[in-house]
Engineer: 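Encoded as C-alpha cells, here's the structure I'll be asking about.
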Amino acid sequence: MSVATHTFRVEGMHCGSCSLLIDDALEDLPGVRAAQTALKQARTTVELDLSQNSPQDVVKVIEELGYRASPLL
C-alpha cells in the first residue's frame with residue numbers, strides 16, 4: 001500500500017458547503033484515507049492510496065461536482 005498526500009487547486013467554490021460537498025465525495029472514493037478542502041485557500045489535500053486510485057481520479061470526482069481542479073506540484 002502506497003499512501004501519499006496530494007494537494008489540488010479547486011476553483012468555483014462559493015461557500016463552506018462547497019468544501020464539505022467535495023470532502024464527502026472524495027471520502028467515498030476508494031483509496032482516499034482523508035480529504036480536507038479549504039475554501040479560502042481554494043485547495044484540497046487528499047491522503048490517497050495510489051494502489052486504488054490516482055490523482056487524476058480525484059480531479060475527475062471534483063470536476064463531476066461542477067468545480068475545476070488541478071494538481072499542485
Side-chain angles (χ1 to χ4, degrees):
M1 174 170 60
S2 174
V3 177
T5 301
H6 295 270
T7 303
F8 302 85
R9 176 159 181 76
V10 180
E11 298 177 37
M13 294 186 291
H14 304 296
C15 64
S17 293
C18 293
S19 59
L20 291 173
L21 177 67
I22 292 169
D23 287 346
D24 286 345
L26 290 175
E27 288 172 355
D28 287 341
L29 185 67
V32 172
R33 301 289 184 245
Q36 185 174 11
T37 304
L39 174 65
K40 287 184 179 183
Q41 289 81 21
R43 294 184 180 174
T44 188
T45 302
V46 180
E47 289 182 33
L48 182 63
D49 180 347
L50 297 173
S51 70
Q52 294 186 31
N53 270 305
S54 70
Q56 292 82 9
D57 295 318
V58 172
V59 169
K60 183 179 176 186
V61 167
I62 295 170
E63 290 181 344
E64 286 175 351
L65 294 171
Y67 307 100
R68 291 172 306 283
S70 58
L72 291 175
L73 302 175

Engineer: Using every non-hydrogen atom in the two residues, find where Val59 and Ala69 come nearest and quote the distance to one decimal.
Structural biologist: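 In this case the closest contact between Val59 and Ala69 is CG1-O, 3.6 Å.
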Engineer: Is there side-chain contact between Val58 and His6, with heavy atoms separated by less than 4.5 Å?
Structural biologist: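 Side chain of Val58 against side chain of His6, heavy atoms only: no contact under 4.5 Å found.
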Engineer: Roughly how far, to the nearest 0.5 Å, is the CD atom of Gln36 from the CD atom of Gln41?
Structural biologist: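 The CD atom of Gln36 is 9.5 Å from CD of Gln41, to the nearest 0.5 Å.
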Engineer: Could you pull out every donor-acceptor pair under 3.5 Å between side chains of residues 11-32 and any protein atom, sequence neighbours left out?
Structural biologist:
{"residue": "His14", "atom": "NE2", "partner": "Gly12", "partner atom": "O", "Å": "3.2"}
{"residue": "Ser19", "atom": "OG", "partner": "Gly16", "partner atom": "O", "Å": "2.8"}
{"residue": "Asp23", "atom": "OD1", "partner": "Thr37", "partner atom": "N", "Å": "3.0"}
{"residue": "Asp23", "atom": "OD1", "partner": "Thr37", "partner atom": "OG1", "Å": "2.5"}
{"residue": "Asp23", "atom": "OD2", "partner": "Thr37", "partner atom": "N", "Å": "3.4"}

Engineer: Answer yes or no: is there a side-chain heavy-atom contact under 4.5 Å between Leu50 and Pro55?
Structural biologist: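 Leu50 vs Pro55: side chains touch.
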Engineer: Rounded at 0.5 Å granularity, tell me how far CD in Glu63 sits from CD in Gln56.
Structural biologist: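 Rounded to the nearest 0.5 Å, the CD-CD separation comes out at 11.0 Å.
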